[in-house]
Every structure is written in C-alpha cells, then in structure tokens.
Amino acid sequence: MTYAHAAAPLGAGSADTVLAESVVQSVDWLAVAPPTIVAVAAVALLVADLFVSERAKHLLGWGAVAALAVSLLALLPLLDGDRSTFCLTDDPNVCSYTADRFALVVQLVVLAGALLVALLSVHDVRATRLPAGEFWFLLLASAAGAALLPAARDLATLVIALEVASLPAFALVGLRRGDRLSSEAALKFFLSSVTATAVMLLGISFVYAAGGSLHLARLADGLASAPERLETLAAAGVVLTLVGFAFKTAAVPFHSWVPDTYVGAPVPVAAYLSVVGKAVGFSGLILVTVLAFPAYDHVWGPAIAVLAALTMTAGNVAALRQRLDAPHSAVRLLAWSSVAQAGYLLVPIAAAGYAEEPERAVGSTLSYALMYGVVNLGAFAVVAALAAKGGRGGRIADYRGLASTRLPVALALAFFLINLAGLPPGIIGLFAKVAVLGSAVDAGLGWLAVVMAANVVVGLYYYLKWTALLFRPAEPAAEGGPEGVQPVPTAPATPTAPVVAPPAAPLAAPLRGAIGLTAALGVALSGAPQLVLRFAGEALL
C-alpha cells in the first residue's frame, strides 16, 4: 500500500508548464503486523458472531486465542533490528511508528497478557452468558490499541492508541447487563478516564504550541530551544500530560477507580486491566518523558518520584486493611496490590529524570513489568478458576485449606504471591525489586529507595498471610470455605474419626491451562533471572 501526494501551481497558463511532484511512501506491513493481526481478527470475530449458532459461540473464543498467538509469532521477524514506517517525506528518520526493542518488549507483555486473559475468558464468557461476539471484539480491539501504543512516535498516534485501548475496556467492565456492581464500575471508570484524557489533551496542546511538532523527536528539540516566554506554558503542558498517564497507571491520587472497577468487572477483565492496562499507561509515560520531554526532566522527575512514593504507600496501606471474610476481598486485595506495584514501576521512570542515561534507567520498569505481568495474571487466574466453581473464591477466607483439595492450584498461587512479595523461591520477583531499587540508588534518589524498601516489608505481611492461609486446616462447613474444602461431618458413633475432605471437582481445561502456563513462565523466569539484569542494563529506546 502506498500514499501519494501531488502538488501543481494554481492559475497556470497554457504556456506554463504544470509541475507535479509525487511523493510515494511505502508501508512496512511486517513492522505493523502484530497490532494489525489483532485488529483484523477483532472485526472478523464480530462479523462471524452473526452467523455462528449459540452452541458454537465458544469457538469465537478459541479464534481470539489463535489470533493473539499468531500476533505473538509476528514479533519474531522483528527481532533482527529496528523497523520504522509512516515517516516524514522530508526526513525519513522521523517516523510515526517504530518497532524497536522497547516496542517489542511491551508488545510481548501486552499480547501475551491478552492471550492469557483470553484463555481465562473462554470459560467465563460461556458460564456467565456474556455476549460472545461483543466480548471478543472489545477484548481484541483493546489489545490492538495496547500493542500499537509502544510503537507510536508522535503524540497524535499515541493518543489514538491510548483511547483505542481504553474505550473498549469501559464496555468490557460493564458487559454484565443487569449487574449493579458492573454498571457502577463501568461508570466510575468511564468518567474518571474521560476527565483524565481531557486534561492530557489540554497538556498536549500546550506542549505542541511551545515545541511546534507532534513527533516526539522533533518535539524534544523544539521544547529545548523554545523561547523563554513559552517555558511556563511548556512546563504546564508537561504536568497536565503526566496527569493523563498517571490515571492510566493508577498512580495516587488518580487511583480511586481501581478497587470498585476490579470488583465490578468480570475477573478476567480485572486481570486484563491490572496488567495490559498498566503496560499501556507505563509505556506511554516512558515515551513522553524520555523521548519528548527531556528538557523538562527537572519538572517531571521530582513529580514522578513523589507519585511513586505516594502510590506504593497508599496501595500497601489499603491492602493491609482488607478483611479476610469481607465480600470480594480477594479481588480487592489484588486491586490494591496492583496500585502498590504501580508505585514500584514508577521508580525507574522517576530515576530517568535524574540519570545521565535515562534510556537505561527505564529498562528496570520493563523488566519489572515482565515479572509482574506473569505472576499477577497467575494470581487472577486462580481467583477466576475458584470463582467459576459455584461462585466461591471471592473472599480471601475461602482459600483456607486449599492445599488439602487442590494442591497444585494452591502451590501455584503461593508461588505467585511470593513473587509479588519478592521472596525466594520467587527469584524473578526478588531480582526485579533489586533492579528497581538499584535504579533509584544510581540516580541519587536514596530517599525513594528507602520508602520502597519500607513498603516492600509492609507488603510481605499481606502476601504471606494469604499464602499461609492456603496450607492451614480447613474451617468447618458452617464457617465457609472454597468449594471442595469443607470437611465432611463425622458420624455421631465415631467422634474420633478423621475429617476427610471430599474430592474437588476438576477445573475447566482453559482455566487449568492459564494457571499452568503462568506458573511455567514464572518458574522459567526464576530460572533465568539474568533477563531482569539484561533489561535493566540496556538502553532499549
């Protein structure tokens, strides 16, 4: 496919020569293949839903899984080097889409996360009677926007990708028609996001007025050489732009939508927001700060450092306050945990504002995001699996004694929680936290490193408390517990007979596959922790 532009002088006479210039630009379809495949599959599944019978609707889910798997394979040919397309005709080095190492790593996290969420959703969509065509279209459309964003190299493409990733997510949260919690969650999510987007667009208009370009590379040069009278306008634009991305990353004080949205959404959708949604926000934040606003690192560096400290502290304190027997406490704890983890992810970005090589500092964010994406999706997969068995698994107390009936599931959840805590044998979680702490120390942010270390210790309490609960004896049936965990009452004639738990019903194959895949990936990453150090030590941009 090509784009052509022709220009001819107006009012040329018969004796004049009509001069026409044609500029042809080729599109590198290989570079744009990952998001394109997902977008095409989204439309195809929506159309196919019109012709598929009700009994065959579940095949749409497997079609979505296949499309995401193909999009992941499409990343392989891009590993040989940076590829760019949609470049300016007068400067081929300034492009709107670049598939460099940064983009590929984020696309790997986004597409793999969406694939795992699709596996979780195959059973959930059928069991809860969600509209299949609409669900799979919305999920793939959002994933396509999320995969496009890390490769965007101009503000227009970046904002469009951000909204393509966000708008379908609103509908996914509220897709359970007639559910009050779902409708309330979608409304809160929508109103908060629209407000943040409006503020961000105002900020982008300010920096465009001061810098004179939408392309990130040219904008950086324009802001660095902007007249002194525009410095205040540019600084205000930088701050307002950060507000929009702070909402997407669930940074304090723009985090209030998180717990209610996660509780009201289907569990797989909450998992999607916790990983893919965050990857979108953090990749956009890295692009605008490191590539577009290096001249204002004295503005965004301290601001993000304060946001990081507030976010991790507020998230951990709120997670500590979750009662084991409260409704939806499992999802709420994971929601507040994700807020705290967002604070950790912000630390290397703040360090980039102080580092001599900001491109290297943000590598720690990507390495941490890789670890967090795997283990957090695994934890949500276990919650979704138990919630699918009779609606249980919503309370943390429901997990007491899980090891007695579902030992592999209990071991997997314990491994995920230990990784989030940053303890062995969760080696990848430990290395990721060390890399993030190292980025703060190297940048001279010793106070932020101390705040993070204190918060990591606080997080140990609620992660280990949940982990220990998995291996405690099961509560009597009257006090509640997960399906298959309640003991069988002993007969009156034999009061000393041992309590025997009935065998647990098997989980659906897609749920078992999602749990097994995330556990295998977590173990593989723990076996190769040097990957974290490699990402943390390289300039990916």
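Because the structure is predicted, anything quoted here is derived from the model rather than measured.
- The two residues P259 and W336 make their nearest non-hydrogen contact at CG-CZ2, 3.6 Å.
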Would you please test V207 and F293 for side-chain contact (heavy atoms from CB on, under 4.5 Å) and show each step? CA-CA 9 Å; V207 296; F293 304 152; 4.0 Å; yes
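- In this structure, the side chains of V276 and S142 stay at 4.5 Å or more apart for every pair of heavy atoms.
- The two atoms that bring L30 and P34 nearest to each other are O-CD, 4.1 Å, heavy atoms only.
- Once rounded to the nearest 0.5 Å, the distance linking OG of S121 with OH of Y272 reads 10.5 Å.
- Atoms OG1 and CG, on T128 and L130 in that order, are 3.5 Å from each other to the nearest 0.5 Å.
- Surrounding CZ of F190 are at most 12 heavy atoms belonging to other residues, nucleotides or ligands under 6.0 Å away.
- Going from atom CZ of F416 over to atom CD1 of I515 covers 7.5 Å, rounded to the nearest 0.5 Å.
- Judged purely by atom type and a 3.5 angstrom limit, S337 has no side-chain atom pairing as donor or acceptor with the backbone of L333.
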side-chain contact (heavy atoms from CB on, under 4.5 Å), that's the test. Do T518 and L521 meet it? Break it down for me. CA-CA 5 Å; T518 49; L521 288 173; 5.5 Å; no
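- Under a 3.5 Å cut-off, the side chain of R176 and the backbone N or O of V173 do not form any donor-acceptor pair.
- Atoms CG and CG, on L120 and L115 in that order, are 10.0 Å from each other to the nearest 0.5 Å.
- No side-chain donor-acceptor contact under 3.5 Å links T157 to the backbone of A152.
- With contacts defined as side-chain heavy-atom distances shorter than 4.5 Å, the pair L307/V252 does not qualify.
- The side-chain heavy atoms of L324 and K465, taken from C-beta on, include a pair separated by under 4.5 Å.
- Side-chain N or O atoms of W300 include none that pairs as donor or acceptor with a backbone N or O of L242 at under 3.5 Å.
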Walk me through whether R332 and D260 qualify under salt bridge (Lys or Arg N to Asp or Glu O under 4.0 Å). CA-CA 8 Å; R332 281 192 176 275; D260 290 339; 3.1 Å; yes
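- You'll find the side chain of L119 reaches within 4.5 Å of the side chain of W62, heavy atoms only.
- In this structure the side chain of L140 reaches within 4.5 angstrom of the side chain of L68, judged on heavy atoms.
- Side chain of T289 to backbone of I286: a donor-acceptor contact under 3.5 angstrom is found.
- L291 places none of its side-chain heavy atoms less than 4.5 Å from the side chain of L219.
- Within the model, atoms CG of L346 and OG1 of T365 stand 7.5 Å from one another, a figure rounded to the nearest 0.5 Å.
- When each of V105, V109, V106, T98 is paired with P150, the side chain to side chain contact (heavy atoms under 4.5 Å, CB included) condition holds for V106 and for no other.
- Remark: F170 CZ to S192 OG distance equals 9.0 Å, nearest 0.5 Å.
- Residues T467 and A414 come closest through the heavy atom pair CG2-CB, 3.7 Å.
- Distance alone, capped at 3.5 Å, places no donor-acceptor pair between the K248 side chain and the F282 backbone.
- Between W466 and Y399, the ring-plane angle classifies as perpendicular under the 30° and 60° cut-offs.
- Counting heavy atoms from C-beta on, the side chains of L334 and S274 never come closer than 4.5 Å.
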Show your reasoning for whether side-chain contact (heavy atoms from CB on, under 4.5 Å) applies to W257 and L191. CA-CA 9 Å; W257 59 274; L191 293 177; over 6 Å; no
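- Looking only at side-chain heavy atoms (C-beta outward), T197 and F247 stay at 4.5 Å or farther from each other.
- Of all heavy-atom pairs between P266 and L172, the closest is CD-O, 3.8 Å.
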Step-by-step side-chain contact (heavy atoms from CB on, under 4.5 Å) determination, V339 to T311: CA-CA 6 Å; V339 173; T311 300; 3.9 Å; yes
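- Closest of all the heavy-atom pairs between V32 and P35 is O-CD, 3.4 Å.
- Proximity of a side-chain donor or acceptor of K433 to a complementary backbone N or O of Y368 within less than 3.5 Å is not detected.
- Under a 3.5 Å cut-off, the side chain of S329 and the backbone N or O of D325 do not form any donor-acceptor pair.
- A pairwise comparison of heavy atoms in V280 and L162 identifies CG1-CD1, 3.4 Å as the closest pair.
- The backbone N or O of A246 lies less than 3.5 Å from a partner atom in the side chain of T249, making a donor-acceptor pair.
- The closest donor-acceptor contact from the side chain of T261 to the backbone of V258 lies at 3.5 Å or more, if one exists at all.
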